[in-house]
Trainee: 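What follows is a structure written as structure tokens; I'll ask about it next.
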4 protein chains.
Amino acid sequence: MRKRLGKEKLIKERRAQMLTASAKVFAEKGFHKATIREIAGEANVAEGTIYNYFRSKRELLLSLVSAFVEESLQLAMTRPSSKSDKEFLTTLLKDRFTLIDKNMNLVRVILREMMLDEELRHPFFEQILSKISSQLEDLLETRAEEGVFRKLDAFIPVHAMMGSFLGFILLGLDRKGHRLPPEELASQLADFFLNGLRLRSGEEPT
Amino acid sequence: MRKRLGKEKLIKERRAQMLTASAKVFAEKGFHKATIREIAGEANVAEGTIYNYFRSKRELLLSLVSAFVEESLQLAMTRPSSKSDKEFLTTLLKDRFTLIDKNMNLVRVILREMMLDEELRHPFFEQILSKISSQLEDLLETRAEEGVFRKLDAFIPVHAMMGSFLGFILLGLDRKGHRLPPEELASQLADFFLNGLRLRSGEEPT
Amino acid sequence: MRKRLGKEKLIKERRAQMLTASAKVFAEKGFHKATIREIAGEANVAEGTIYNYFRSKRELLLSLVSAFVEESLQLAMTRPSSKSDKEFLTTLLKDRFTLIDKNMNLVRVILREMMLDEELRHPFFEQILSKISSQLEDLLETRAEEGVFRKLDAFIPVHAMMGSFLGFILLGLDRKGHRLPPEELASQLADFFLNGLRLRSGEEPT
Amino acid sequence: MRKRLGKEKLIKERRAQMLTASAKVFAEKGFHKATIREIAGEANVAEGTIYNYFRSKRELLLSLVSAFVEESLQLAMTRPSSKSDKEFLTTLLKDRFTLIDKNMNLVRVILREMMLDEELRHPFFEQILSKISSQLEDLLETRAEEGVFRKLDAFIPVHAMMGSFLGFILLGLDRKGHRLPPEELASQLADFFLNGLRLRSGEEPT
DNA sequence: AATGAATGAGCTTTCATTCAT
DNA sequence: AATGAATGAAAGCTCATTCAT
């Protein structure tokens with residue numbers, strides 16, 4: 001029994017080892033230019049071994065995405081206890097920025113391959129983006145009913161925010177020097193967005 | 001002379017033909033999975049012919065980017081006659097959305113390859129984004145001095161807007177065509193952004 | 001351990017197998033017209049296998065040269081026990097002729113490609129020819145001091161002999177019928193050369 | 001008529017122009033690596049033009065060989081007025097060394113391709129080498145009968161001399177230019193050879 | 001006669017995947 | 001379970017040759 005557990009643990013570690021290695025190589029070279037040989041080398045296993053854990057190079061990528069999605073979801077589900085709107089939004093953004101920051105290389109690969117690959121895009125969009133999207137929509141609608149936010153079709157602002165977020169990732173690629181720390185960035189973005197949502201004094205709440 | 005002109009024109013058409021074909025195939029398959037054979041087939045020329053016009057597959061991609069950058073720049077330079085801020089921003093966004101819409105396939109390829117390829121990223125960032133970015137910064141600063149906008153470090157709002165824009169492109173991948181027509185999208189986005197920029201009554205203009 | 005040795009041996013055999021095959025095909029077709037496919041076929045391996053042993057087609061050729069140079073050197077270093085001059089020279093020439101005969105295909109390729117390729121020429125000239133050359137020069141000078149040979153600048157006779165030797169290889173290409181057995185050829189050549197070197201009676205030993 | 005002649009002359013010039021260009025490029029790159037494009041460029045004509053004068057790239061090479069053979073033959077036929085043997089041989093060698101020197105690059109290509117190509121080898125061997133060979137054989141036999149030279153099967157010395165000659169060409173590859181001027185080389189070689197052929201005093205003339 | 005754009009066969013090389021050990 | 005040598009399909013690219021102008 002002990003042995004069994006140790007064995008299973010070992011297997012999981014091997015898997016993780018390979019996933020980590022592939023994440024690194026994919027990130028550096030892109031999916032196509034990454035070779036199994038290099039990934040195997042990075043993971044300190046033989047090429048053939050990888051095929052004992054993953055059916056194909058592609059499945060390696062899919063597993064990578066799954067792992068990332070899973071981690072993201074845990075974070076995404078921990079809805080910030082909404083004190084003020086500013087705090088809520090800042091925390092939401094900061095958490096995501098931090099997650100992205102930690103997995104920047106991986107995110108780049110995923111974003112990259114996502115553009116061509118429906119199978120890759122789907123879990124990402126459906127599981128991650130839609131979660132965040134609905135959280136934001138909830139916030140917007142709740143606050144609109146409370147008379148704090150303008151009454152808007154949530155589609156535009158939600159997508160603008162999320163898009164903006166993705167955009168920062170992309171744009172950030174080239175401005176390493178310029179990049180603000182996640183907290184600062186989150187705070188300023190939240191401010192910018194909120195001030196576009198807040199009902200201005202003297203305006204009808206509708 | 002007449003003949004010569006006709007020949008030159010023909011050559012340009014051939015070039016365009018191949019660029020178009022490659023844009024299509026690159027977009028469908030991605031740069032790596034796209035084959036010269038398929039591009040040649042799409043362009044109705046022999047494989048070798050492509051190498052009479054482009055030194056390599058990669059140069060085909062670079063030429064594609066150049067062509068797009070050039071077209072974009074012409075548009076970027078035609079600064080909308082700024083009547084109201086809303087109109088200015090709406091027009092700016094609408095023009096870009098339209099350009100992107102027209103070249104969606106191309107944009108996808110470029111965005112995709114940009115992430116791994118410094119040589120590809122550079123002209124895009126330096127030539128296009130920086131132009132748009134400085135236009136927006138100008139607007140923000142001018143209006144801020146006039147007391148209409150809040151005084152902000154332009155970095156955040158400018159990048160939020162552009163990032164949001166890129167984000168819409170990405171998000172648009174999953175939905176065949178935008179749900180909203182470019183004009184409507186532009187208008188709503190402009191509204192969203194502006195209301196975040198406008199000085200609210202009772203607030204210090206600084 | 002046993003296993004390991006067997007494996008290493010197998011690998012060396014494989015390598016040899018490919019080198020032999022490439023020598024044959026290179027000899028028949030010349031370096032450029034020889035295709036990897038044909039070499040692989042001749043060696044009974046897949047095309048890709050060749051690239052597990054040699055980095056490129058060119059390296060295959062270089063390895064071929066190295067192998068030949070190595071074998072030649074072993075022979076070249078075994079200086080014939082110099083009984084009479086005639087025997088010494090005959091043995092020297094015969095050994096070389098035999099070596100060449102055994103590797104005729106290979107020598108053709110090397111000679112052929114040597115003419116254009118400095119990198120190929122260099123090891124051949126520096127390692128093989130210079131060894132033989134200095135052996136001959138030694139002989140000439142020793143004998144000259146002993147008063148048996150005429151005192152000559154060794155350059156001409158040494159190069160004439162070696163050149164003649166190479167020339168026989170080249171000229172021999174077309175006269176398969178005419179070719180004398182190596183021993184006979186060596187003996188007659190030695191005689192011819194020596195009688196040009198021998199001090200004639202009544203002549204000053206210098 | 002005048003026009004006609006001018007035209008024909010022009011055509012011959014064109015041909016010569018292309019042959020010269022091809023000789024240069026073949027010599028620099030070798031037959032296979034030489035491209036029609038480069039030859040055409042060197043000759044200042046269009047690629048297609050070459051095919052109006054020569055059926056194929058290969059025929060270009062064959063024509064080149066023919067031209068060289070022809071020039072060589074003219075020289076080979078002008079048998080040196082044989083004063084002394086030394087003078088005869090020296091002149092013979094010198095003439096050939098000079099011819100080779102002038103066409104070194106071309107000779108290399110021919111030698112190179114000759115090794116693989118029966119069709120190329122044949123005219124060279126049959127027309128040039130056999131001419132020189134028989135001249136030498138004549139000399140040897142005449143002098144043998146006169147009691148000046150040893151009675152030998154002419155095969156060995158003739159081929160040794162010619163081989164030596166070829167050898168000097170090959171060996172010369174590594175040294176930019178011969179160390180010795182053609183006259184000096186020819187004289188010393190003649191001396192070396194002759195002293196191997198001359199009947200030594202006290203020996204039977206047979 | 002001269003041109004040079006178009007052609008496409010054929011080359012070297014890479015690399016995901018298999019499988020005997 | 002792990003290995004890594006062998007595989008061979010498939011890709012980018014070159015270039016002799018053709019032919020419409």
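Numbered from 1 within each chain, the chains take letters A, B, ... in sequence-line order. This one's a predicted model, so the numbers in the text were calculated from it and none came from an experiment.
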Trainee: Taking protein heavy atoms under 4.0 Å as touching, what does nucleotides 12-18 of chain E look like 5' to 3' if B marks base contact, S marks sugar-phosphate-only contact and - marks none?
Mentor: SBBSSBB
Trainee: Stems in DNA chain E: runs of 3 or more consecutive Watson-Crick or G-U pairs, distances under 3.5 Å?
Mentor: E:2-21 with F:2-21
Trainee: For D:T35, check side-chain contact (heavy atoms from CB on, under 4.5 Å) against everything at least two apart and list the hits.
Mentor: D:R37, D:E38
Trainee: Just the rounded figure in Å: distance from P of F:dA5 to CD of C:Q17.
Mentor: 16 Å
Trainee: With sequence neighbours excluded, what pairs up with D:N103 under the side-chain hydrogen bond (donor to acceptor under 3.5 Å, both in side chains) test?
Mentor: none
Trainee: Give the rounded distance in Å between these two atoms: CD1 of D:I50 and C1' of F:dC15.
Mentor: 13 Å
Trainee: Quick one: CE on B:M115 to CG on A:L111, what's the gap to the nearest 0.5 Å?
Mentor: 5.0 Å
Trainee: Restricting to pairs with a member in residues 42-61 of chain D, which pass ring pair (Phe, Tyr, Trp, His ring centres under 6.0 Å), not counting sequence neighbours?
Mentor: none
Trainee: How many whole angstroms separate atom CG of C:N44 from atom P of F:dG8?
Mentor: 12 Å
Trainee: How many whole angstroms separate atom CG of B:L10 from atom P of F:dA20?
Mentor: 15 Å
Trainee: Grab the CZ-C1' distance between D:F26 and F:dA16 for me, whole Å please.
Mentor: 11 Å
Trainee: Please identify each residue that fulfils side-chain hydrogen bond (donor to acceptor under 3.5 Å, both in side chains) with A:K24, with sequence neighbours left out.
Mentor: A:E42
Trainee: For B:E71, enumerate each residue passing the side-chain hydrogen bond (donor to acceptor under 3.5 Å, both in side chains) test, keeping only those at least two apart in sequence or located in another chain.
Mentor: B:K102
Trainee: Indicate, with a heavy-atom threshold strictly under 4.0 Å, whether A:F54 touches base, sugar-phosphate, or nothing.
Mentor: nothing
Trainee: What is the separation between atom OH on B:Y53 and atom P on F:dC13, rounded to the nearest whole Å?
Mentor: 18 Å
Trainee: Tell me: CD of B:E38 to C1' of F:dA10, nearest whole Å?
Mentor: 14 Å
Trainee: Could you note down all residue pairs passing ring pair (Phe, Tyr, Trp, His ring centres under 6.0 Å) where residues 21-42 of chain B supplies at least one of them, sequence neighbours left out?
Mentor: A:H32-B:H32, B:F26-B:F31
Trainee: So, D:E113 and C:R112, do they make that salt bridge, N to O below 4.0 Å?
Mentor: yes
Trainee: Would you please name every residue forming a side-chain hydrogen bond (donor to acceptor under 3.5 Å, both in side chains) with C:Q127, sequence neighbours left out?
Mentor: none
